[in-house]
Amino acid sequence: MNYILAHKKIIMGVSGSIAAYKTVDWVRCLGREGAEVNVVLTEAAARFVTPLTFAALSGNRVYGAMFDSVDMEEIPHIKLAGQADLILVAPATAQTIARLAHGFADDLLAAIILASQAKIVICPAMNSRMYLHAATRRNLKILAEFGYKIVEPESGSMACGEVGPGRLPEWDMVRRELCAVFSPQDLLGKTIIVSAGPTHEPLDPVRYLGNRSSGKMGYALAAVARQRGARVILISGPTHIAPPAGVKTVRVQTAVEMRDAVMKYFSEADIIIKAAAVSDFRPARRSEQKIKKSNAQLNLLLAANPDILLELGQKRKKRAKPLVLVGFAAESENHLKEAQRKLEDKNLDLLVVNDILAEDSGFAVDSNRVTILSCGKEKIELPLLSKEETAGRIIDEIVGLLGGKLMVEKK
Ligand code: CTP
């Protein structure tokens with residue numbers, strides 16, 4: 001369950017585009033996140049997808065025409081408008097966008113939006129030429145001026161066979177926009193570097209030294225920082241996770257490449273979080289050819305990799321611009337002692353430690369149970385949380401440091 005969307009009352013306004021079928025699944029996704037969804041269909045939308053489908057998936061009655069209320073006491077547009085935290089119009093057709101831009105209240109969805117003080121998110125979806133027409137452009141500009149969030153459509157081939165902008169974006173993208181709407185913008189104007197995932201240290205053209213890090217914690221931090229308004233540079237070792245929308249992603253393989261990428265952006269960063277599981281060693285020699293098994297025994301000589309965080313901790317001392325520096329420690333024993341040592345040795349503001357042997361907080365799972373250590377403050381033991389929520393709590397601590405005095409700066 002997503003903690004940001006949980007218990008939020010969301011109206012999903014669906015208007016009449018072939019893309020309406022995609023939003024059926026969005027209702028299910030929102031339900032899984034713990035949101036309460038009420039669906040309002042325009043007359044045209046009900047021709048593409050039946051109200052029954054949405055009712056079954058949302059678990060709630062679906063609203064359609066303005067005057068088909070069964071309860072004579074109820075004025076549906078006023079009741080729904082007052083209850084909603086957010087109204088998501090998806091797909092928003094050219095007709096619905098025009099209606100909203102000009103303040104019409106001639107169907108239930110338009111009337112609800114006119115009567116509501118909820119946050120409004122619009123996902124336009126239509127034929128490219130309709131989308132690019134000056135009338136639609138102007139209408140969308142008007143909606144943006146009202147303070148509505150416009151989620152730009154994707155480009156690609158459309159149901160009508162044409163190619164261009166106008167496709168409804170994927171749910172992941174829209175979900176991030178919804179989370180951002182509900183998130184404090186307390187990292188606005190800040191640049192944050194997050195390193196994530198493992199490093200792969202090549203041994204020959206097919207083999208490498210690696211580790212079991214999935215990158216999930218680092219990617220969650222990057223996504224949450226972006227939702228909270230930061231400019232995010234995600235420096236990622238090899239992972240199978242799609243990068244969060246709106247984040248600049250730099251892909252690296254080895255610790256040396258990761259070091260170079262982090263140092264390249266060092267001077268721009270206000271915050272650096274090193275969530276990556278960097279390999280401490282690499283094969284001293286990389287074989288150009290595949291190593292054959294003909295040798296009965298193979299001794300591997302390893303060379304030490306640079307300790308990127310240690311270097312950052314030293315480098316920050318000579319920097320005029322303040323920096324919040326955060327490390328991670330994945331420990332299997334003496335967690336707090338090891339973590340405290342790393343916090344001090346690497347000159348960090350915060351160190352986040354977890355137990356990699358615990359089933360619910362190790363590698364490749366969606367949950368984590370961490371303790372946050374900081375200089376001169378009590379340690380914070382977080383309960384078992386999703387990695388996304390853990391990321392939110394770590395960022396809360398960072399925001400606290402940005403507001404106050406950076407403890408380590410004077411060392
Ligand atoms: N780290 C790094 N460069 C390295 C090794 C680690 O930047 N070559 C960073 C990690 O990204 C993490 C922190 O240092 O934020 C701690 O990493 P960890 O592997 O737990 O500790 P090490 O410093 O490698 O110490 P040890 O091997 O003694 O546990």
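Atoms within each ligand, like the ligands themselves, are counted from 1 in listed order. Starting from 1, each residue takes its place in the sequence as its number. As a basis for the values below, the full set of heavy atoms in this structure was taken, side chains included, without hydrogen atoms, waters or symmetry mates.
- Residues R175 and D172 are not paired through a salt bridge, judged by the lack of any N-O separation under 4.0 Å between the basic side chain and the carboxylate.
- When heavy-atom distances to ligand 1 are checked against a 4.0 Å cut-off, N305 has no atom that comes that close, whether in backbone or side chain.
- In this structure, the separation between CD1 on I150 and CG on L143 is 5.0 Å, given to the nearest 0.5 Å.
- Nearest protein heavy-atom neighbour of atom 10 (C) of ligand 1: A276 O, 3.5 Å.
- Closest to atom 27 (O) of ligand 1 among all protein heavy atoms lies D280 OD2, 3.2 Å.
- The residues R393 and E397 are annotated as not salt-bridged, no charged nitrogen and carboxylate oxygen being separated by less than 4.0 angstrom.
- The N/O atoms of A277, backbone and side chain alike, include none that comes under 3.5 Å of an N/O atom in ligand 1.
- At least one heavy atom of A329 sits less than 4.0 Å from an atom of ligand 1.
- Protein heavy atom at the shortest distance from atom 3 (N) of ligand 1 is I308 N, 3.1 Å.
- Of the heavy atoms in P306, only backbone atoms (N, CA, C, O) come closer than 4.0 Å to ligand 1.
- The protein atom (non-hydrogen) at minimum distance from atom 28 (O) of ligand 1 is R341 NH2, 3.4 Å.
- Annotation: atom 12 (C) of ligand 1 to nearest protein heavy atom, F328 O, 2.9 Å.
- Ranking protein heavy atoms by distance to atom 25 (O) of ligand 1, first place goes to K342 CE, 3.5 Å.
- Cation-pi geometry between R137 and Y131 is met: under 6.0 angstrom from the ring centre, within 45 degrees of the axis.
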*Could you please spell out the steps behind the salt bridge (charged side-chain N to carboxylate O under 4.0 Å, His left out) verdict for D204 and K292?*
CA-CA 10 Å; D204 70 12; K292 293 289 182 186; over 6 Å; no
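- Close approach of ligand 1 to L309 is summarised as follows: ligand atoms under 4.0 Å from at least one heavy atom of the residue are 2 (C), 7 (O), 9 (C), 13 (C), 14 (O), 15 (O).
- The aromatic rings of Y208 and H200 sit parallel, their planes meeting at an angle under 30°, below the 60° perpendicular limit.
- Contact detail for P202 and P283: the closest heavy-atom pair is O-CG, 3.5 Å.
- Within ligand 1, the atoms closer than 4.0 Å to a non-hydrogen atom of G327 are 15 (O), numbered from 1 in the order shown.
- Of all protein heavy atoms, the one closest to atom 14 (O) of ligand 1 is K346 NZ, 2.9 Å.
- Between the side chains of Y219 and S236, a donor-acceptor pair is found at a separation under 3.5 Å.
- N139 pairs with exactly one of R99, H102, H133 by the side-chain hydrogen bond (donor to acceptor under 3.5 Å, both in side chains) rule, that one being H102.
- Taking atom 15 (O) of ligand 1 as the reference point, the nearest protein heavy-atom neighbour is K274 O, 2.7 Å.
- The heavy atom nearest to atom 2 (C) of ligand 1, out of those in V326, N354, V352, D307, is found in D307.
- Note that CD1 of I233 and CD1 of I193 are 5.0 Å apart. Values are rounded to the nearest 0.5 Å.
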